[in-house]
Amino acid sequence: MKKRPHNQGLSVLVFSAVYFPGFKGGGPVKTIKNLFNQVGKEISFRLVTSDRDLGDKEPYTSVACGQWNDIGNAAVFYAQPGRGGYSQIMRIIKSKNYHIIYLNSFFSPRFSFFPLFLARVLQQRVVLSPRGEFSKGALAIKPSKKKIFIVAYKILQLHRHVIFQASSQFEELDIRRVLGEKVDVRVAENIAAQEFGDAAHERIVGNLRVIFVGRISPMKNLLMALESLRNVHAQMAFDIYGPLEDSNYWLQCQEVIETLPKHIQVSYKGFLDPLDVVKTMSGYDVFYLPTKGENYGHAIVEATCAGLPIIISDTTPWRNLQDCGIGWDLSLSAPEYFGAALDELAAMPSKEYQEMRQRVLSWANEKFSQRNAVEANIALFKYAYEKQ
């Protein structure tokens, strides 16, 4: 490709399997929304997505499907399923009414592989963000299908002219491990929403209100979280929020819930509206998510923005939490440490706990109020546009 001059009116055509009003896609939905909100005045974004949420049989009724909708700082096209949707996507890509194609998955047949193949044929520039799909934990789920995708990708040499976005240096290592050292990877951290809670919070020593926010699926590791509660001594209310993505997995979780001691009360609270996450989290004592892998972890970020101490696994970019005095990042190979951390927090004197919440909130304000992530994302698209 020939080098193009810098263009102030940069236009990016985005693909994602789910977008608002859908919510079952988890963190990537928020990532894209935050990108549009904070970069949409500097870069023109058009998004192509499904006309229904994951697993739903009926399309949305609150948007105009099969046509462009002005939503916030972006235009959004809700494509129908089946052949009709593929035809719609093909027409949009063949129009070439954009500078860059931006994919938000590696393994999506309709919203990644198909657009990537067309872009390769039409010699269009592509930025691809795997959104944590190359972590060891993610690849261990349905590994056979994913191996087929990776082999096909390499045979077709679809990596040519593709720039991969990693949200952290950890994800960059994952991408290179799977696709090879020669792939072009740029680190541009996801953009967090600018919403913060209040550090002031009343709690009872020896009691703990715990919140889990995430899709009910093996990746989020709710089953291990529940199993770790068997040896917790503190009185605990453990509330679960998130879509029931995997019904068989949820049955396993329910079986564990029935065996927990009486001083551990577990409740499934259903779906939490994205607009209410930080406000809801602020009323709890701790956020608990022993996830098998996150490239970013919006729920983790939102918990810190709510002023909550966090107990998570060491499979996310958020590390050394104990050194910062804001929580724990623990190894999944030692599940007993998660229960011990919950007991330690429950026994913490009120003054010490309030100081911890203040540290969490101060850390989040310092981390997520800056424009570093915004500038890194802008630089990513400019690099893709100007690359030879």
Side-chain angles (χ1 to χ4, degrees), residues 1 10-26 28-29 31-33 35-36 40 43-131 133 142 145-146 148-165 381 384-385:
M1 291 185 179
L10 197 59
S11 177
V12 177
L13 178 62
V14 186
F15 286 87
S16 177
V18 183
Y19 190 64
F20 291 106
F23 60 85
K24 296 177 184 176
V29 178
T31 295
I32 297 168
K33 182 176 184 290
L35 175 71
F36 292 169
I43 295 177
S44 173
F45 290 106
R46 300 166 74 217
L47 169 69
V48 181
T49 188
S50 174
D51 69 354
R52 63 202 66 194
D53 210 346
L54 287 177
D56 287 359
K57 295 181 179 180
E58 298 298 325
Y60 303 121
T61 57
S62 58
V63 295
C65 298
Q67 57 185 281
W68 292 100
N69 298 253
D70 290 326
I71 299 178
N73 289 336
V76 183
F77 187 95
Y78 295 89
Q80 68 188 79
R83 292 182 180 180
Y86 279 98
S87 296
Q88 291 170 334
I89 290 171
M90 182 181 293
R91 284 196 299 270
I92 292 169
I93 292 177
K94 289 178 70 175
S95 73
K96 297 185 179 181
N97 187 23
Y98 53 86
H99 299 112
I100 298 164
I101 289 175
Y102 183 35
L103 307 175
N104 286 272
S105 171
F106 183 84
F107 295 112
S108 172
R110 185 157 60 127
F111 293 101
S112 181
F113 194 82
F114 181 63
L116 181 57
F117 181 77
L118 288 179
R120 178 77 179 87
V121 172
L122 298 172
Q123 294 188 307
Q124 298 300 295
R125 298 165 188 270
V126 175
V127 174
L128 193 157
S129 177
R131 301 295 176 203
E133 291 173 334
K142 298 180 180 179
K145 291 182 179 180
K146 292 175 181 178
I148 293 172
F149 263 85
I150 294 168
V151 170
Y153 174 90
K154 291 180 177 179
I155 291 174
L156 296 171
Q157 294 188 318
L158 294 178
H159 63 285
R160 303 180 92 184
H161 308 300
V162 173
I163 294 126
F164 285 85
Q165 178 191 12
F381 292 117
Y385 180 77

Less than 3.5 Å apart, which donor and acceptor atoms pair up between the side chains of residues 63-76 and the rest of the protein, not counting sequence neighbours?
from, atom 1, to, atom 2, distance (Å)
N69, OD1, A64, N, 2.9
N69, ND2, A64, O, 2.8
N69, ND2, Q67, O, 2.9
N69, ND2, V76, O, 3.2
N73, ND2, F36, O, 3.2
N73, ND2, N37, O, 3.3

Any side-chain heavy-atom pair from [X] and [Y] closer than 4.5 angstrom?
X: Q124; Y: K96; result: yes
X: R131; Y: Q165; result: yes
X: L128; Y: S112; result: yes
X: V127; Y: F164; result: no
X: I89; Y: V48; result: yes
X: V12; Y: S44; result: no
X: I100; Y: L13; result: no
X: L35; Y: F45; result: yes

Which atom of [X] lies closest to which atom of [Y], heavy atoms considered:
X: L158; Y: F113; value: CD1-CE1, 3.9 Å
X: F149; Y: P109; value: CZ-CG, 3.8 Å
X: V126; Y: A119; value: CG2-CB, 3.5 Å
X: K33; Y: F20; value: CD-CE1, 3.0 Å
X: Q88; Y: Q80; value: OE1-N, 3.0 Å
X: R110; Y: P115; value: O-CD, 3.2 Å

Exercise for review: Flag the pair F106 / Y153 as yes when their ring centroid distance falls below 6.0 Å, and as no otherwise.
Suggested key: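 Ring centroids of F106 and Y153 are less than 6.0 Å from each other.
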Point to revise | Ring center gap for F15 and Y102 short of 6.0 angstrom | key: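 Between F15 and Y102, the centre distance exceeds or equals 6.0 Å.
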How many angstroms lie between [atom1] in [X] and [atom2] in [Y], if you round to the nearest 0.5 Å?
X: N104; Y: I32; atom1: CG; atom2: CD1; answer: 4.0 Å
X: T49; Y: F77; atom1: OG1; atom2: CZ; answer: 11.0 Å
X: R46; Y: N97; atom1: CZ; atom2: CG; answer: 4.5 Å
X: L54; Y: F23; atom1: CG; atom2: CZ; answer: 9.5 Å
X: L118; Y: K94; atom1: CG; atom2: NZ; answer: 8.5 Å
X: L116; Y: I93; atom1: CG; atom2: CD1; answer: 9.5 Å

Exercise for review: Please name all residues satisfying salt bridge (charged side-chain N to carboxylate O under 4.0 Å, His left out) with K24, sequence neighbours left out, ordered by chain then number.
Suggested key: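 Only D56 meet the salt bridge (charged side-chain N to carboxylate O under 4.0 Å, His left out) criterion with K24.
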Practice item. Tell me, with the steps shown, if S50 and R52 meet side-chain hydrogen bond (donor to acceptor under 3.5 Å, both in side chains). Key: CA-CA 5 Å; S50 174; R52 63 202 66 194; 4.9 Å; no
Practice item. For side-chain contact (heavy atoms from CB on, under 4.5 Å), just list the numbers for F114 and M90, CA-CA rounded to whole Å, side-chain angles, deciding distance to a tenth of an Å, and then say yes or no. Key: CA-CA 9 Å; F114 181 63; M90 182 181 293; 3.8 Å; yes
Review point. Any donor-acceptor pair under 3.5 Å linking the side chain of Y19 with the backbone of P28?
Key: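 No.
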Practice item. Please lay out, stage by stage, how I43 and S11 fare under the test side-chain contact (heavy atoms from CB on, under 4.5 Å). Key: CA-CA 6 Å; I43 295 177; S11 177; over 6 Å; no
